[in-house]
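Below is one structure; the comments refer to it alone.
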Amino acid sequence: MKICILGTGYVGLVSGTCFSDLGNNVICVDRDQKKIESLNSGKIPIYEPGLEELVIKNFKQKRLSFSTDIDLAIKKSNIIFICVGTPTNKKSNATDLKYVFQVSKKIKKNLNSYKIIVNKSTVPVTTGDKIEKILKTKSNKGKFDVISNPEFLREGEAIRDFIYPDRVVIGTNSLRANRIMKSLYLPIIKKKSRYFKTSRRAAELIKYASNAFLATKISFINEVSNLCEKTGVDVKDISLGMGLDQRIGDRFLRAGPGYGGSCFPKDTQAIVTIAKKFKTNLSIIKTVIKSNNERSKILLNRILNIMNNKIKNKNITFLGVTFKANTDDMRESPSLKLIPMLLKKGANIIYYEPTGKKSEFSKYKKVKYQENISSACKKSDLIILHNEWNEFKQLNFNKLVNKANFKIFDLRNLYSPKKMNKTNIKYFGVGR
Ligand SMILES: NC(=O)c1ccc[n+]([C@@H]2O[C@H](COP(=O)([O-])OP(=O)(O)OC[C@H]3O[C@@H](n4cnc5c(N)ncnc54)[C@H](O)[C@@H]3O)[C@@H](O)[C@H]2O)c1
């Protein structure tokens with residue numbers, strides 16, 4: 001099939017590359033010229049395991065191309081995927097749909113034959129109706145179907161999630177569009193993914209409800225972990241004991257620094273805002289947002305406690321600063337809140353991040369980047385294991401740190417407290 005991807009970010013690039021690997025002809029479009037130039041010269045603008053090899057392979061086989069010419073790309077394609085960003089409008093807390101509407105207007109101009117407009121961006125329920133309204137003219141009648149196909153991939157696992165998803169959700173009432181989408185996804189459905197056809201509005205809401213539910217699980221276990229700390233219980237036992245109940249399941253029940261990234265914070269806010277528009281109070285999700293916002297304050301107090309309130313001029317090392325392992329994405333990372341709070345208390349921050357130096361911290365004089373774990377830890381008073389990259393999982397801290405009495409605060413519970421205590425390291429985890 002001839003596919004055009006509008007917006008070549010995390011979702012667009014992964015989706016476009018995977019569809020091309022399944023044998024389709026894909027043009028990935030972006031208005032960011034630098035991004036397209038970089039992709040055309042074989043450089044991948046994001047860190048995503050396995051993506052580079054797949055892009056290069058399909059680019060060489062001429063199934064995958066990159067362009068800034070949105071008009072031509074739309075004209076040449078039968079299926080148009082909208083994969084542009086849908087950020088939160090900071091003033092209204094509503095989803096900013098300007099990029100979605102910008103590309104919809106471009107599609108309207110270039111409908112030279114029947115096309116399926118597939119919205120993969122995460123959008124409030126009823127957005128598909130608005131896109132359809134933009135496209136509808138007398139001359140465009142019967143020339144398009146607007147459908148919803150929300151994306152559930154996780155950064156860091158994106159290729160696997162795309163090729164082996166639990167489900168493919170298609171929201172449409174058009175038999176024609178459904179038939180074409182089913183054949184596009186056939187190689188994926190054959191690998192035992194469930195193909196679920198529903199209404200367009202339901203598909204839009206399934207995405208928001210799913211993210212809000214996962215965010216709820218994370219916040220739930222984080223709050224339980226606060227109680228574990230006070231009662232001498234290991235939260236890992238709670239997660240395991242709860243997770244063994246198949247009605248609950250053990251995934252997304254790991255205590256940590258709170259949820260971040262480009263999706264959960266924005267999508268929880270967005271579903272609350274759209275619900276308000278329809279005069280519905282989503283009180284549970286509102287509480288989850290509040291609970292997650294308070295997480296950094298709880299962690300700061302824990303750090304003050306661990307350091308006996310002596311943080312001024314102490315060297316605090318962060319291992320990892322992105323919102324989780326295996327991604328370079330800094331959007332809404334917990335470190336963006338925690339590091340400024342520690343700076344205010346007079347700490348010196350050193351960080352090592354496997355995906356390199358982050359511009360978000362360049363405005364702080366007392367935040368220094370180190371290119372490897374050992375130079376980041378050498379003079380540390382406190383090491384904060386901020387995320388769970390494999391390279392952080394088997395470190396010999398006594399060899400890494402030159403200072404006596406250094407401490408470790410493990411926000412991902414990567415190490416065994418028992419083993420750590422045997423090495424005389426002052427080790428603290430979350431909820432244990
Ligand atoms: N990142 C994730 O893990 C993830 C997972 C599932 C769903 N989503 C959703 O997918 C959507 C995209 O997310 P993302 O993380 O890929 O965003 P992103 O910011 O990485 O990429 C969006 C891209 O769209 C481009 N763009 C914006 N306006 C454009 C226009 N008018 N014409 C052409 N290109 C344009 C931008 O330049 C950018 O490259 C969002 O709605 C997000 O909520 C994201």
Side-chain angles (χ1 to χ4, degrees), residues 34 45-47 87-88 90 155 256-262 265-266 292-389 391-392 395 397-412 414 425-428 430:
K34 267 193 191 156
I46 54 170
Y47 176 85
T88 309
K90 290 262 155 65
E155 287 174 20
Y259 62 77
S262 68
K266 136 178 118 56
N292 197 60
N293 285 342
E294 282 165 2
R295 192 82 191 132
S296 47
K297 271 186 237 143
I298 290 173
L299 294 179
L300 176 70
N301 285 335
R302 186 90 199 284
I303 294 169
L304 288 169
N305 201 274
I306 289 169
M307 298 298 283
N308 303 319
N309 277 318
K310 288 176 190 140
I311 277 196
K312 200 162 185 203
N313 297 326
K314 296 287 184 203
N315 295 330
I316 299 185
T317 300
F318 272 70
L319 291 184
V321 289
T322 50
F323 85 95
K324 64 172 186 176
N326 300 321
T327 180
D328 58 348
D329 201 340
M330 283 297 289
R331 290 179 281 187
E332 303 288 333
S333 172
S335 69
L336 293 171
K337 278 190 185 169
L338 205 48
I339 287 178
M341 283 172 156
L342 292 167
L343 287 173
K344 258 194 183 165
K345 298 274 175 197
N348 304 314
I349 306 290
I350 307 112
Y351 74 96
Y352 164 70
E353 163 54 46
T355 59
K357 197 174 175 177
K358 298 295 167 196
S359 59
E360 285 80 357
F361 299 121
S362 50
K363 61 183 173 212
Y364 302 116
K365 271 191 195 148
K366 287 174 82 179
V367 179
K368 297 223 156 52
Y369 169 71
Q370 294 290 341
E371 280 186 349
N372 54 59
I373 298 176
S374 53
S375 44
C377 293
K378 209 187 276 173
K379 292 179 183 166
S380 197
D381 296 295
L382 173 70
I383 295 172
I384 295 183
L385 285 154
H386 182 265
N387 50 25
E388 69 282 28
W389 286 86
E391 60 189 285
F392 301 158
L395 297 173
F397 292 101
N398 278 327
K399 276 197 176 157
L400 282 172
V401 188
N402 276 344
K403 280 197 165 180
N405 293 324
F406 70 91
K407 292 171 179 172
I408 294 173
F409 186 23
D410 181 356
L411 297 184
R412 304 286 179 169
L414 300 178
I425 292 174
K426 294 189 180 66
Y427 170 86
F428 306 85
V430 172

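- Between Arg412 and Asn387, the closest heavy-atom pair is NE-CA, 3.5 Å.
- Counting heavy atoms from C-beta on, the side chains of Leu319 and Cys377 come closer than 4.5 Å.
- Here salt bridge (Lys or Arg N to Asp or Glu O under 4.0 Å) pairs that include residues 321-334, with residues two or more places apart or in two chains, are Glu155-Arg331, Asp329-Arg331.
- Atom NZ of Lys403 has more than 12 neighbouring heavy atoms from other residues, nucleotides or ligands inside a 6.0 Å radius.
- Note that NZ of Lys407 and CG of Asp381 are 9.0 Å apart. Values are rounded to the nearest 0.5 Å.
- Summarising the geometry of Gly258 relative to Pro334, their closest heavy-atom pair is O-CG, 3.7 Å, with the distance given to 0.1 Å.
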Would you check, one step at a time, whether the test side-chain contact (heavy atoms from CB on, under 4.5 Å) holds for Ile349 with Tyr364?
CA-CA 9 Å; Ile349 306 290; Tyr364 302 116; over 6 Å; no

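- Between Tyr351 and Lys357, some side-chain heavy-atom pair lies under the 4.5 Å cut-off.
- Atom-to-atom distance recorded for Ile384:CD1 and Asp410:CG is 10.5 Å, nearest 0.5 angstrom.
- With hydrogens and angles disregarded, a donor-acceptor distance shorter than 3.5 Å links the side chain of Arg295 to the backbone of Gly256.
- If you take CG on Asn348 and NZ on Lys366, they are separated by 4.5 Å, rounding to the nearest 0.5 Å.
- For Glu391, the side chain to side chain donor-acceptor pair (under 3.5 Å) partners at least two apart in sequence or on another chain are Tyr352.
- Every residue was checked against the side chain to side chain donor-acceptor pair (under 3.5 Å) condition with Asn326, not counting sequence neighbours, and none meets it.
- Annotation: side chain of Glu353 is in contact with side chain of Trp389 (closest heavy-atom distance under 4.5 Å).
- Partners of Asn308 according to the side chain to side chain donor-acceptor pair (under 3.5 Å) rule, which considers only residues two or more places apart in sequence or in another chain, do not exist here.
- Within the 4.5 Å cutoff, the side chain of Phe409 has no heavy atoms near those of the Met307 side chain.
- Between atom CD1 of residue Ile306 and atom CG of residue Leu299 there is a gap of 9.5 Å, rounded to the nearest 0.5 Å.
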Mind listing the side-chain donor-acceptor pairs of residues 335-346 below 3.5 Å, one per line with the distance, residues two or more places apart or on another chain?
| residue | atom | partner | partner atom | Å |
| --- | --- | --- | --- | --- |
| Ser335 | OG | Val321 | O | 2.7 |
| Ser335 | OG | Ser333 | OG | 3.2 |

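- For Lys297, there are no side chain to side chain donor-acceptor pair (under 3.5 Å) partners two or more places apart in sequence or in a different chain.
- With rounding to the nearest 0.5 Å, the separation of CE in Met330 from NZ in Lys358 is 6.5 Å.
- The line from OG1 of Thr317 to CZ of Phe406 is 10.5 Å long, rounded to the nearest 0.5 Å.
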